[in-house]
Structures are given as C-alpha cells and as structure tokens.
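Beneath this line is the structure, given in structure tokens, with notes to follow.
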Amino acid sequence: MSTTTPPRERPKRAAGRASTTTARTHGAGGTSGAATAGGRSGSRHNQRWLAWIFLAPTILGMGLFTLVPIVASVVLAFFRWDIISAPSFVGFDNFSEVVQDPTVRVSFLNTIVFVVVAVALQLGLALALAVMVQEKMPAWLRVFFRSAFFFPLILSAASVSIFMRYLFNEQFGVVNWFLSLVGIPAVPWLTTPGGSAAVVILVYVWQNFGFSFLLFIGGLASIPVETYEAAAIDGATGWRKHLHVTLPLLSPTTLVASVMAIISALQVFDQPYVLTRGGPGDSTRTAVMVIFESAFQRLEFGQASAIGVLLTLIIMAITAAQFRLSKRFVFYQ
C-alpha cells in the first residue's frame, strides 16, 4: 500500500530546502567577506610596518645628529667642562660670563650689522635679477642665468673664501691690479676694518643670493598674466606695475626668502673665518666664530654652549617676529 505525501507538506519541504540553500550561500558569503576583510587588515598592517622601516633611517639620523646634540648643548650650557676633567654644575654662571664678555658683545653686534647689510643686499639683488631674467630674456638665456646664479651656492664656502682672499690681496690681488689700470692706488681690502667687513659681505652675498633668486623666480612665475594685463589697462606700467602688482603678490615668497636668509646670515662662519680670522681686531668676528673659539681653542664647552643657546633664542625671536608681522604685510592670492 503506497503512501503519498499530503499536498500541504510539499510546499513546507520546498521552503525548507530553499532556506537551507540560502543559509549555506550566506554562510559562504560571510566566510568570504571575513577572509577579505582579514586580508585587507593584514595588508594595511604590512604597509604600516614597511613605512616605518623606510622612515627609520631618517628618524634615527635626525634623533642622533640633531635632537641629541641640541639637548646636550642646552644641558651643557649649565656646566663647566673642558673635556679633561669631569663637568661641574655652575647654573647660570656661563650665561652671566657671556653677557659680561666684551668680545662676545662685539661679536653679536658685528653679526647683527652683517645680517642687516648682507640680507638687504642679497634679497634686493636677487629680486632685481629675477625680474630682469623672468621678463626680458628668451627661454634659453633664462635657463642659463638660473644655473649661473645658483652655481656659487653649491661650491664650498671655504674654497670660495680662499680664492677671494687672493683676489682681494693688497699686494698681488687681481682686484687691485684692475684698479691700478685706471689709476686707483692699491686698496687694503683685508687689513682695515671697513675693507674687511665689505669683502666678507660681498663674498657672502655673491655665494648665497642664488637661492633667493630661484625663490623669486618661482614666485614671479606663479603670478597670473591676467593680473598684469588688468594693471596695464588701469595704467600701471613700468616701475608702478612692480610696485603695485609684483611686490604685493610676491610677498609670501619674500617672507620665506627673508626668513631663510636671516637664519643663514646669523650663523655665518666660513667667510669671515677664512678671509680675516675675525680681524683686524674684532671687526669681523661673528657669534659663531666665538662659539668655535670658546669650544675648540679654549676648551670652554659650557661657555660655548651658552653662546649657542643665546644665538638660538635670538634666531627664534627674530623668526617669530617676522611671522607675526607677516599678518600685516603678506598678501595671499
């Protein structure tokens, strides 16, 4: 006697099979999604470790050769140490001695005067040449002058200073030889306070203005041509165009160039040391030269560190003042 499934039970079995199939499908999909998510997480984790591996040499180098020396210099400023004997804590004695030392005061004054004159010449010359090269020269000649003006910057400052010392020598220098051709007597460039200071400034500006020149070239290239066309329609031509259009729109570049130029000039060492050794007298002695002499000639590392800390504070104060004033004098497009 055969048994037959009641009609009402067949749809229930079909629904059961469908639900089972759907559950299996969803289970497989969930497993696949979890596997995909796990793979992405593992890939991101590997990429993070790879990034740290590539960054490790830079971070380690900056930590060992930048951060550690800065911290050590600040700490050493409160100690008296000559390498031979053990360091002894003296508190702020090094700073009081530095402030009272006339040589240190003269060196800081010389540095400030040098910064004012050298930075003004550097930025003025770089801006004038950048405007001339960008506007009045064909492309191939523009590329040539960009390379020519930047070339002195890649040379060794000591090598350039040695070469310039021979050029400005009073007895057999090429500069005095050319002056003698027009009847001008020999000028004691490196043996008088005024002449030695002028030579140090000229050599420094000649070697460093190329960087500011390239910054101004980039800034001029970013000024839209339409702005100059609109200014020309309003009657701004020649120097008025540069006064009312170029200088305001170039102010962000000028800020960057001035900040970097002042920081570099405050740390000048190679040119005065090689050209004049700080002489005659103390007329060309700079703050960094006093740091060098205190540390490596007199072995007063604590006093040298104190001078370095003071110079760093001066640099930070001047830079902060520049950025504070930039809110009033810098215009962004």
Side-chain angles (χ1 to χ4, degrees), residues 15-79 87 139 143 146-147 149-157 208 210-224 249-264 266-267 269-270 288 291 295 301 305 308-309 311-313 315-320 322-324 326-327 330-333:
R17 295 192 195 100
S19 62
T20 303
T21 305
T22 304
R24 291 175 179 173
T25 304
H26 281 292
T31 304
S32 176
T36 303
R40 291 177 180 173
S41 177
S43 177
R44 291 175 182 174
H45 183 72
N46 294 336
Q47 291 178 357
R48 190 178 298 111
W49 273 107
L50 187 63
W52 279 111
I53 290 173
F54 281 112
L55 288 173
T58 302
I59 295 175
L60 187 62
M62 291 184 63
L64 289 177
F65 301 107
T66 302
L67 183 60
V68 172
I70 290 175
V71 175
S73 179
V74 173
V75 173
L76 194 59
F78 298 94
F79 287 82
V143 172
R146 286 180 185 177
S147 303
F149 291 150
F150 187 77
F151 178 73
L153 191 63
I154 67 176
L155 300 176
S156 167
N208 289 274
F211 183 76
S212 301
F213 169 78
L214 287 186
L215 289 179
F216 285 127
I217 284 289
L220 290 171
S222 66
I223 299 177
L249 294 182
L250 204 60
S251 56
T253 305
T254 305
L255 173 64
V256 175
S258 62
V259 168
M260 301 187 72
I262 290 175
I263 292 175
S264 176
L266 282 169
Q267 302 175 78
F269 173 78
D270 297 313
V288 178
I291 294 174
F301 285 91
S305 298
V309 170
L311 181 60
T312 302
L313 293 176
I315 293 174
M316 294 174 63
I318 293 176
T319 304
Q322 285 182 277
F323 280 101
R324 185 68 178 269
S326 68
K327 298 178 181 179
V330 177
F331 306 94
Y332 296 95
Q333 299 182 33

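If you read the sequence from its start, that first residue is 1, and numbering goes on from there.
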Atom pair [atom1]/[atom2] of [X] and [Y] - distance to nearest 0.5 Å:
| X | Y | atom1 | atom2 | value |
| --- | --- | --- | --- | --- |
| Gln267 | Leu311 | CD | CG | 6.5 Å |
| Leu249 | Ile223 | CG | CD1 | 5.0 Å |
| Leu64 | Leu60 | CG | CG | 4.5 Å |
| Trp49 | Phe54 | CH2 | CZ | 14.5 Å |
| Ile217 | Phe150 | CD1 | CZ | 13.0 Å |
| Leu313 | Ile318 | CG | CD1 | 11.5 Å |

> Quick check: does any side chain N or O of Ser305 sit under 3.5 Å from a backbone N or O of Phe301, one acting as donor and the other as acceptor?
Replying inline: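 Yes, the answer is positive, given that a donor and an acceptor are paired below the 3.5 Å cut-off.
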> Between Ser222 (side chain) and Gly219 (backbone), is there a donor-acceptor pair under 3.5 Å?
Replying inline: yes
> Taking all atoms of both residues into account, what is the closest heavy-atom pair of Val309 and Ala77, and its distance?
Replying inline: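 Taking Val309 first and Ala77 second, the nearest heavy atoms are CG2-CB, 4.2 Å.
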> Looking at residues at least two apart in the chain, or sitting in another chain, which of them share a ring-ring contact (aromatic ring centres under 6.0 Å, His included) with Phe79?
Replying inline: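 For Phe79, the residues satisfying ring-ring contact (aromatic ring centres under 6.0 Å, His included) (neighbours in sequence not counted) are Phe89.
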> Can you find a heavy atom in the side chain of Ile70 that is under 4.5 Å from one in the side chain of Thr312?
Replying inline: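 No. Closest side-chain heavy atoms not under 4.5 Å.
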> Side-chain contact, heavy-atom cut-off 4.5 Å: Ile59 with Trp52?
Replying inline: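 Result yes, sub-4.5 Å side-chain heavy-atom pair found.
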Counting only pairs under 3.5 Å, give me each side-chain donor-acceptor contact of residues 250-264, with atom names and distances, residues two or more places apart or in other chains.
residue: Ser251; atom: OG; partner: Pro248; partner atom: O; Å: 2.7
residue: Ser251; atom: OG; partner: Phe331; partner atom: N; Å: 2.8
residue: Ser251; atom: OG; partner: Phe331; partner atom: O; Å: 3.4
residue: Thr254; atom: OG1; partner: Leu250; partner atom: O; Å: 2.9
residue: Ser258; atom: OG; partner: Thr254; partner atom: O; Å: 3.0
residue: Ser258; atom: OG; partner: Leu255; partner atom: O; Å: 2.8
residue: Ser258; atom: OG; partner: Gln322; partner atom: NE2; Å: 3.3
residue: Ser264; atom: OG; partner: Tyr204; partner atom: OH; Å: 3.0

